Amino acid sequence: MPLVRTERLTKSFGALVAVDAVTFAVDEGSLHSVIGPNGAGKTTLFNLLTGQLAPTSGRIVFDGRDIAGTPPHGIARLGIARSFQRTSIFPTLSILDNVWLAAFARQRSWRGLAWRRADRYSEVAERAMAVLGEVGLEEKAGEPAGAISHGEQRQLELAIGLAAAPRLLLLDEPAAGLSPEETKRMVTLVSKLKGRYTIILIEHKIDVVMSMSDRISVMHFGSLIAEGAPAEIQRSPEVRRAYLGGFAAP
Amino acid sequence: MLYALMGIGLSIITGVLNIPNFAHGALFALGAYFLVTLIQLLGNFWLALLLAPLGVGVIGIVIEYGGIRPLYRAGHDYQLLLTFGLSLIVTEGIIIVWSPVGMSQLPPPILRGGVDLGITIYPRYRLFVMAAAALLVLGAWLFLERTRYGAIMRAGIEDKEMVSLLGIDIHRLFTAAFALGCVLAGIAGALTAPIRGLNPWMGVDMLGIAFVVVALAGLGNLLGSIVAGLLVGVAQSLVALVWPEASVAVIFGVMTVVLLVRPQGLFGIR
Amino acid sequence: MSRAWLVTLATVVLLPVFVRHTIATEIWIFAIFGLGLNLLMGYTGLLSFGQATFFGAAAYAVGYLLKHYAINVVLALAIGVAVGAASAALVGYLCVQRSGLYFIMLTFALNQMFYFTAYQWTTVTGGEDGMPGVPRPEVLGLDIHAPLAYYTVVALLFVLALWIMRRIVESPLGKILQSIRDNELRAEALGYNVPRMKLVAFVLGGAFAGLAGVLYAMLFGIVPLEAIGFVFSGNVVFATLIGGSGSLYGPVIGSFVFIWLSESVSAIWARWPLLLGVAFVVVVLFLRGGVVEAWARYRAWRHASG
Amino acid sequence: MSGLSRRDVVKLGSAAAAFGIGFPTVLRAQPKEVVMLGLWSFTGAFSDVGPVLDRGMKLALEERGMKVQSKTIKYITRDDETKAGSATRRAEEAVDSDGAKFIIGPWSSGVALAVSEVAKRKKVFHYFSGGTEDISGARCHRYSFQWAASPYTAAKTVVDTFMQANPKAKRWHLLVADYAFGWSVEKYIKEVGKGHGIEFVGADRHPLGEREFSNYVTKAAGNKPDVVAMINFGLDAVTGAREIFNFGLTPKVPLILTWSSGVEELVQLNPEIRENLWVGSNFYYTADTPIAREFVKSYQAKFGNPPGYAPAAAYGMTRMTLAAMDKAKSTEVADVVKALEGLELDDLVGRMRVDAKTHQTLRPYFFMRCKKKDAMKGPMDFADIIATGSTPLPAEYAACKDIGSL
């Protein structure tokens, strides 16, 4: 039973079709990667799934409901969280607050929203600290998020996604701009999440993708050109053609 | 026509630099005061008309260099605070240098008196101002459309990163744009002096109108601001005939509606 | 009770000893006004250049009721808060759809519309002459005509307003608004309805402005036309920036400095706006973050050198 | 947040409190002192006249050695910013904190009306000179007095004199500032004009603070009037007169400034514009009274140029107030009010009497004709007084029905 699936999902900007009739499904609990060259439409696909963009046509079905056209905050409330390719955090707030906000957003009730002191929501704070512990930032919880290194900000980016306790986690190149050392740490982190969350991952580092994914979808010029388990994808001639030998088999 | 001059000047500044220049009205007044002082010094209206706006341009360069440059990355709030502070300083400076009592400047003798246009009498000087403003607006248009500098300036409005990637010094572009905007405000001020006389607060009304023009045209839409400037002028005089009290309110009403319905401005395509 | 509160209370008590009562009263009124703006500007990152709209609308509405229907003070304050909030809801609803310079210009343009309405609607507002003769009725049987008595009322309301604002900024809402200021897209992606949150900030800010407007009308017994003018909108922005936006006490300190500076210098030197202009430039170029920031830096410097 | 701990804020608060000590502390007026407040515009739309008003009042006080009824006069000023709000709050503050009991000013009618309310509420003396009829009319009360002539007196002087000089100029076009002052003068001009058989071919109203007169002038020119009369003040009048000249209407068609400040406005107009300009004013410095001659002499000696209406009004009001104190032999507000009511004497502009029923000062009004450029003896020799009129407002027009009690 897939948690989320799309049916002929299409997004065009004028004459440019960024996502072209994409139909795919992600099973609950799996790690599903989306790969493809730059400009293939991967991030646009994410933006459709999270409501930042409204589809031109097609459906997005999440947990049995058509969610196409729901605004981003509505989608987030359904339990779809994402991380961004270009780090998107709240730079002047503390690291803890960054995560706290994500955790609070998913609270079923916002009682006392404008009145109760924020530090009285102990369950939110506990969840936030737990997530920081998971990504290894609990020591820096009080520092402003804008002051930490790029690598740590990527960890924070991931933590913000996790703190929402998502049913579906969309990770857009979590290792973007990281050094080999930091990449290794990020890979370990993401692998630990595998199985606990349903994850869709966009990633360029192909070895990472091959080692972690349950299934892989390949996009090219907005269309889905192949889908399958890592081994199948590696063998696929179409994928090879698309990448024009852009990567070698490991 | 004067509105168009003010509008296009402010439009260049808001468009290229993306700052709300609240000192624009004060610079307009400065243009007028420079004109009168230069006439007293040189005894020649035309020379003064040429030099006064350049003087304002020089002040503009100083302001841009010393005040605005450090602020490109700061929020609009600080830009607003700075330009408003500057407008206070310029206005009070005018009072200290020239006294708060208003002054009068007559047009040069050959432009005095009215011309009978058949339907109505119209002052010669106003006809001159219209012609001069039309020429200047045309000049500005040609400059922006046909010259390399104009192209760079337009590109600066569209996409600043692009411009700096092309190896153009973005700071020099900003300085030039700010100075050009100031010169245009100075010209408008100088041309206005013989019509409306001078007083230290003459720029306040103009500032509001310039912002209306910019909003109607769409931020950074230079050609739009010419048309919008004309439209505001015409609309204001038409309303003034029917319901004088509302002539100012109406243009702000239009501004509100345009901002709500067509934020890209009447002539914006973005 | 924390030390911040003790100092606030001490200042409230001591201020009328050192500063003329009317000015002291005005400082707290302006501070209430600034608290409301700061929720928008400092916390949510919305530079509203039209706060006087709410201030003036409430002042006119309540001034009219006080004058012609002799309503009691408690009701007057409640209506003022409601009018401030309602006008802010209207303006906010229109403005939150825009951002950046468009947002600023839109708040400004709407402010101008309200201004011209007040200017033209002379039968109610008195137009250019203002609406004089606003009474200052008794509060719970107490006569508040004496400057110090009225000061006490205003100061108590200020403390109450400060306490409420502190609750708001320390609540989840306060954090959410700051997150919108920092990164709107991200806040939206977390599940916060950004336009609605902005609107909430507008309404709350408008309620504070409305309260301040009513107190102002009763302080001077008149609602002058400029109470709804854009210069007033600008002043509260500038006062807040001078104090330091984005911190709870910034607008309070700012209104103290701003009113104190303009009142004391204007009595001595006719060209006082020049000094104000220089102060603005200095703050922008060297002291962004205002007095609050200056203090923090001074402390850091002392820390480093001692 | 800005990384500021609570303790910092605490310290900041105490620093702010300490700072407050530097503020001028509450100075209760000594009983031996009479505190007089000059409420003038040093900033805002009328800031050009603030400094000269200040001079006029100071001159009147210095003449008396800053003493009245063997008490020292303490003269303080406040900037009204030409705004009702600022004026009221500063007036109120001066009354509360400095013990000011006598307010002279402000210059702008609208602002003065607001201050008049303060005077009523605070029970302090208020003298004002200006265009609004309300202070001695619909909104009269016991504490406020009006120094300027009634608009009726002005209209009568202007129309009668002008028609005497130009009996054929029967087609008048009016340009009126759209507020209470403009309306009342317009009303009386039309009233008086009827008696002369004047036809009003047009009467346009422009908003206060108008700077774009071309439409109004085009319309005026279209009416082909024999005379254009403007009923506005200050910059509006100056800008309007300039535009009428630019359109070539003057000097062919005579232009009347019905209610002008005289010198202050004329100095802003070039001699060419002043040709065929007729000016009504509450004061002109060639006024032939002993006190005016003295005043003009000492003003000119001190400041280098002749006084206009503004300093004269400040000077005149201060003199009247002091005269009332002398008559009352007291500096208590209630006594001075009673003494000024009905006070009659020869003062700055001639015979003056304060009407006890309306608080209007009954006094002459001046009408001048501007000189041609080559007839001017000096740069400030603008005009000759051609008439002084002092017909008071007929009782049936008086809007002040009940001056009220103290």
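In the text below, chain A, chain B and the rest are named by the order of the sequence lines, each starting its count at 1. Because the structure is a prediction, the values reported are computed rather than measured.
Note that the CZ atom of Arg196(C) and the NE2 atom of His73(A) stand 7.0 Å from one another [nearest 0.5 Å]. Annotation: the span from Leu101(A) atom CG to Ile180(C) atom CD1 amounts to 9.5 Å, rounded to 0.5 Å. In this structure, NZ on Lys175(C) lies 10.5 Å from CG on Asn98(A), to the nearest 0.5 angstrom.
Atom CZ of Phe13(A) has more than 12 neighbouring heavy atoms from other residues, nucleotides or ligands inside a 6.0 Å radius. More than 12 heavy atoms of other shown residues, nucleotides or ligands fall within 6.0 angstrom of atom CZ in Arg196(A). No more than 12 heavy atoms of other residues, nucleotides or ligands lie within 6.0 Å of CD in Glu139(A), so this atom counts as exposed by the packing criterion.
At distances below 3.5 Å, at least one donor-acceptor pair connects side-chain atoms of Tyr192(C) with backbone N or O atoms of Ala105(A).
For chain C, no part of Ala164(A) is nearby; none of its heavy atoms comes within less than 4.5 Å. Contacts between Ile164(C) and chain A at a heavy-atom distance below 4.5 Å involve backbone atoms as well as side-chain atoms. Contacts of Met197(C) with chain A are made by side-chain atoms alone, with heavy-atom separations under 4.5 Å and no backbone atom involved.
Here the closest heavy-atom approach between residue Ala189(C) and residue Ala76(A) is recorded as O-CB, 3.1 Å.
Two residues are said to be in side-chain contact when any heavy atoms from C-beta on lie closer than 4.5 Å; Ser171(C) and Leu113(A) fail this criterion. Looking at heavy atoms from C-beta onward, Leu173(C) lies out of side-chain contact with Trp115(A) at the 4.5 angstrom threshold. The closest side-chain heavy-atom distance from Phe90(A) to Arg186(C) is below 4.5 Å. Annotation: side chain of Asn183(C) is not in contact with side chain of Ile89(A) (no heavy-atom distance under 4.5 Å).
Between chain C and the residues Arg120(A), Glu157(A), Gln52(A), Arg77(A), the most heavy-atom pairs under 4.5 angstrom are made by Glu157(A). In terms of non-hydrogen atom pairs under 4.5 Å with chain C, the most contact-rich of Gly74(A), Ala145(A), Pro72(A), Ser88(A) is Ser88(A).
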Problem set entry | side chain to side chain contact (heavy atoms under 4.5 Å, CB included) between Phe104(A) and Ile176(C), worked out | CA-CA 9 Å; Phe104(A) 183 80; Ile176(C) 294 167; 4.1 Å; yes
